[in-house]
Structure formats: structure tokens, C-alpha cells
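Below: one structure, written as C-alpha cells.
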Amino acid sequence: MSTTTPRATRPRRVSRRAFYATALVVTILVAGGLSYFASSHPDGLEHVAGQTGFLGSADDSPTADSPFADYATRGVDDTWLSGALAGVVGVAVVLLLAGGLALAVRRRGRHDADDADGTDDSRDTVDRRVG
Amino acid sequence: MHVPDGFLDAPTSVATGVVAVAGVGLALRGARRELDDRAAPMVGLVAAFVFAAQMVNFPVGAGTSGHLMGGALAAVLVGPWSAILCLSVVLLVQGLLMADGGITAIGTNITLLGLVAVAVGWGVFVLLRAVLPSRPSMVAPAAAVGALVSVPVAALVFTGLFAVGGTAPVALGDVATAMVGWHSLIGIGEAVVTGLVVASVLAARPDLVHGARPLLADARLEIRTASGRPTTTPQA
């Protein structure tokens with residue numbers, strides 16, 4: 001395929017910061033709003049366990065007395081608010097943990113990249129000398 | 001598909017725990033290569049979105065529901081190793097804070113929703129990306145198919161674990177049929193959500209979609225050569 005028309009550089013439609021902010025708002029709306037409309041039917045595994053007869057072997061979670069157990073905030077009576085709070089708290093915790101983990105992993109990677117850059121620089125110097 | 005405590009016996013739970021630890025260990029090393037400055041905040045956001053989306057059970061008929069597992073979605077957005085880290089964080093927070101999924105079952109859940117779903121989702125995606133025309137518009141459909149396949153395969157792997165370490169005497173054929181059947185339906189929902197989310201991110205910031213990068217690199221090269229000469233350099 002030899003095209004003759006140069007493809008124009010597609011302009012970036014949103015800045016990175018705007019993208020991240022939008023993604024975060026959407027995520028909070030899903031956790032705090034859309035989740036209210038979630039189906040309360042058992043999920044696939046639970047349904048199959050009930051249907052085939054091994055649901056009884058499930059134990060209660062040791063964290064069943066967590067203040068956010070079953071995506072409900074203890075002490076908050078309003079169903080929507082209770083679920084929304086638990087959802088938003090969960091989102092915040094996951095965001096911090098996963099983001100922090102990624103930052104920690106990335107920094108080490110970046111250090112390695114710095115080393116690699118050093119090697120590249122020296123090779124560039126050699127190339128320049130040769131050229 | 002969050003496995004509660006008690007479905008699987010202790011040896012099986014320990015074994016999946018070992019598999020999960022090994023998988024996360026590998027992912028920590030592998031993610032280093034995937035994570036540049038751009039991808040690091042994406043990992044946090046993708047994990048948070050998967051957590052949020054997993055709260056939204058959608059009905060799949062006959063009194064059953066399903067929700068996004070997110071393995072394929074995360075893998076296409078941030079890369080497979082980082083996706084394993086995303087899913088592991090989500091499952092830990094769900095198990096410890098929300099009492100969703102057991103505690104002795106955390107290894108099982110990370111194995112199924114983290115390792116298996118990510119590996120299958122990413123594997124199918126990469127296969128399709130190689131076969132389909134190399135255009136960015138193929139990324140979302142390929143991700144959707146990866147998502148579609150990942151859910152029943154994870155269900156099948158659960159059935160395998162149940163065959164080895166199930167605590168209740170239940171006909172395995174019935175469990176396998178029901179698990180794969182229901183999770184194929186849930187997989188359709190997984191595919192729709194994954195396709196829509198990947199397409200949205202692609203439309204806004206294609207450079208933030210890990211699975212689209214090889215295709216974008218081609219396009220970038222095209223632009224550079226086109227400014228000098230009207231011919232394109234074929235990329236191996």
C-alpha cells in the first residue's frame with residue numbers, strides 16, 4: 001500500500017489532565033450512582049452454586065463486620081447514600097493503592113531507563129565522532 | 001465471579017495462593033517495562049474503574065446477574081502485567097474492606113480474575129491484533145472479543161479447581177455446563193463494556209491505550225516521512 005496523500009497529524013482532542021479528571025468523574029459516578037441500579041440477583045457463580053447444590057459450603061467472610069461490608073456503609077440508613085459512600089471510599093482506596101504501586105514500580109523502571117540513557121548518550125557520542 | 005471462603009478446600013486455596021503470589025511477583029517485574037510516565041496514573045484509574053464497574057451487576061436472565069471482570073479491559077489499557085497488579089489491588093480491597101470474595105479465597109480470586117482473565121483476554125487480543133488489519137479502529141473490537149472469551153475460560157478454570165478441591169459432593173458435569181453457560185452470557189456484557197470503554201479512551205487519547213501503541217507507532221512514522229516525501233516506509 002503506497003499512499004500518496006500524507007496523513008495529517010491528528011490533533012489530540014483532550015489534554016492528559018482533562019482525560020484523567022474525566023475518567024475519575026466517570027468512575028465516581030459509576031461507583032456512587034450507577035451502582036444503585038445494579039441487579040440484586042446472585043451473580044453467575046452464586047447462581048450456579050445454588051442451582052447445583054454447593055452454595056451451602058460458602059463461609060461468611062471474616063471481614064463481614066467491616067464498616068463497608070457488602071458495599072454498604074455501616075450507620076448510614078439511606079440505601080443509596082450507604083452504597084455510594086462505600087463505592088467512593090473503595091474507589092479512593094483502590095486508586096491510591098494501585099496508583100502508588102504503579103508509581104513505585106515506575107520509579108525503579110525510570111532509574112533503569114536513566115542508566116540506559118547514559119549508555120545511549122555515550123553511544124551517540126561515539127556515533128557523532130565516527131560521523 | 002468472586003469465590004467465597006469454603007467453596008474450595010485448604011490445600012487448593014493454598015495452591016492458588018502460591019500461584020497468585022508467583023503471578024503478582026512476575027507482574028511486578030513485568031510492569032516495570034510497561035510503566036512509563038504516561039501509564040502510571042492510568043494504572044490507578046483503570047484499577048479504580050474496574051472496582052467501580054464490578055459494583056454494577058447487570059441482569060443476564062433467570063434470576064442471575066453478572067458484572068465486569070475487567071481483565072481484558074485492563075490488559076488492553078495498561079498492558080497485561082500492570083493489569084494483573086490492577087486486578088490484584090481491586091480484589092484485595094474487595095476482600096478486606098467490602099467482604100466481597102473470601103479471605104482464604106483471595107489467592108483463588110487473583111488467580112481467576114487476575115491471572116487467567118488477563119492472560120486469556122490479552123492473548124486473544126494480541127492474536128486478533130496480529131490477524132486483523134493493523135488499524136487503531138480494530139483495537140476496541142479485538143479487546144471486546146478478548147473480554148468475551150476471558151469470562152467463560154475463567155469459569156472453566158474455576159470448575160477445574162472445584163474438581164480438585166471442591167468441598168461439596170456435586171456432579172462436576174453439571175457445574176461445568178452451568179458455569180460456562182452462564183458465564184458465556186456474562187461474557188457478552190463483558191465484551192460490550194470492554195469494547196465501549198476501550199473505544200472511548202481511543203477516541204480521546206489513543207496514546208494512553210497500551211494495546212494500540214504498536215499501531216500508533218506505524219502512523220507516527222508515516223507522518224514523519226510524509227512531511228519529507230509522499231511515500232510511506234513499510235514497517236516490519
Side-chain angles (χ1 to χ4, degrees), chain A residues 1-4 6-7 9 12-14 16 19-20 23-24 26-28 30-31 34-35 37-45 47-49 51-54 56-59 61-64 66 68-71 86-87 90-91 93-99 101-103 105-106 108-109 112, chain B residues 1 3-7 28 31-33 35 40-41 43-45 47-49 51-53 55-59 63-67 82 85-86 89-90 93 95-99 102-103 155 158 166-168 170-171 174-175 178-179 182-183 186 204-205 208 219 222-223 226-227 230-232:
Chain A
M1 189 182 76
S2 62
T3 52
T4 46
R7 208 186 283 177
T9 316
R12 281 183 180 156
R13 284 165 223 178
V14 288
R16 198 177 301 170
F19 174 84
Y20 291 150
L24 186 59
V26 168
T27 299
I28 288 170
V30 170
L34 192 60
S35 64
F37 302 98
S39 165
S40 54
H41 287 308
D43 72 2
L45 174 61
H47 179 83
V48 171
Q51 190 189 356
T52 57
F54 65 92
S57 65
D59 297 328
S61 169
T63 58
S66 152
F68 301 108
D70 294 322
Y71 302 92
V91 162
V93 173
V94 169
L95 182 71
L96 290 176
L97 284 179
L101 184 63
L103 274 178
V105 172
R106 177 206 66 152
R108 247 182 294 169
D112 292 345
Chain B
M1 199 201 303
V3 179
D5 288 344
F7 274 7
L28 282 169
R32 221 182 285 181
R33 270 175 277 131
L35 293 178
V43 171
L45 278 169
F49 180 81
F51 174 88
M55 288 179 70
V56 186
N57 280 57
F58 47 82
T64 309
S65 71
H67 59 69
S82 307
L85 300 182
C86 284
V89 168
V90 168
V93 171
L96 293 173
L97 210 55
M98 309 290 165
I103 296 301
F158 169 80
T167 52
V170 172
D174 294 352
V175 175
M179 280 301 281
W182 284 113
H183 287 91
I186 295 171
R205 290 292 302 236
L208 292 179
E222 234 176 290
I223 292 157
S227 63
T231 51
T232 54

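Just so we're clear, the structure is a prediction, and the values are computed from it rather than from any experiment. By convention in this document, chain letters (A, B, ...) are assigned in the order of the sequence lines, proteins followed by strands, and residues within each chain are numbered from 1.
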Among the listed options [options], the residue most often paired with chain B at heavy-atom distances under 4.5 Å:
| options | answer |
| --- | --- |
| A:Ala58, A:Ser40, A:Gly99 | A:Ala58 |
| A:Ala31, A:Ser57, A:Gly53 | A:Ser57 |
| A:Ala23, A:Ala49, A:Ser66 | A:Ser66 |
| A:Gly44, A:Ala64, A:Gly56 | A:Gly44 |

* Examine distances only and state if a side-chain atom of B:Asp5 and a backbone atom of B:Ile103 form a donor-acceptor pair shorter than 3.5 Å. =>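 Looks like yes, one N/O pair under 3.5 Å.
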Segment of [X] engaging chain A (4.5 angstrom heavy-atom cut-off):
| X | value |
| --- | --- |
| B:Leu97 | both |
| B:Thr64 | both |
| B:Phe58 | backbone |
| B:Val43 | both |

* Residue pair A:Leu101 / B:Leu28, side-chain heavy-atom distance below 4.5 Å ->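 Counting from C-beta outward, A:Leu101 and B:Leu28 do come under 4.5 Å.
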Nearest 0.5 angstrom please: [X] [atom1] to [Y] [atom2], how far?
| X | Y | atom1 | atom2 | answer |
| --- | --- | --- | --- | --- |
| A:Leu34 | A:Thr27 | CG | OG1 | 11.5 Å |
| B:Phe158 | B:Met1 | CZ | CE | 8.5 Å |
| A:His41 | A:His47 | NE2 | NE2 | 10.0 Å |

* Before giving the answer on side-chain contact (heavy atoms from CB on, under 4.5 Å), spell out for A:Leu95 and A:Leu24 the whole-Å C-alpha distance, their side-chain angles and the decisive distance to 0.1 Å. => CA-CA 9 Å; A:Leu95 182 71; A:Leu24 186 59; 3.9 Å; yes
* Would you mind telling me which of B:Ala171, B:Ala168, B:Gly102, B:Ala48 has the largest number of heavy-atom pairs within less than 4.5 Å of chain A? =>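 Going by pairs under 4.5 Å, I would pick B:Ala48.
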* Pick from B:Thr167, B:Val175, B:Asp174 with the largest number of heavy-atom pairs that fall under 4.5 Å of chain A ->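 Counting heavy-atom pairs under 4.5 Å, the top option is B:Val175.
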* **Derivation and outcome, side-chain contact (heavy atoms from CB on, under 4.5 Å), residues B:Met55 and A:Val30** => CA-CA 8 Å; B:Met55 288 179 70; A:Val30 170; over 6 Å; no
* List in chain and number order the residues that pass ring pair (Phe, Tyr, Trp, His ring centres under 6.0 Å) with A:Phe54, two or more places apart in sequence or in another chain; answer none if no residue qualifies. =>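 Per chain and number, A:Phe54 pairs via ring pair (Phe, Tyr, Trp, His ring centres under 6.0 Å) with B:Phe7, B:Phe162.
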* To do: Heavy-atom distances under 4.5 Å only: say whether A:Tyr71 touches chain B with side chain, backbone, both or neither.
  =>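 Both parts, backbone and side chain.
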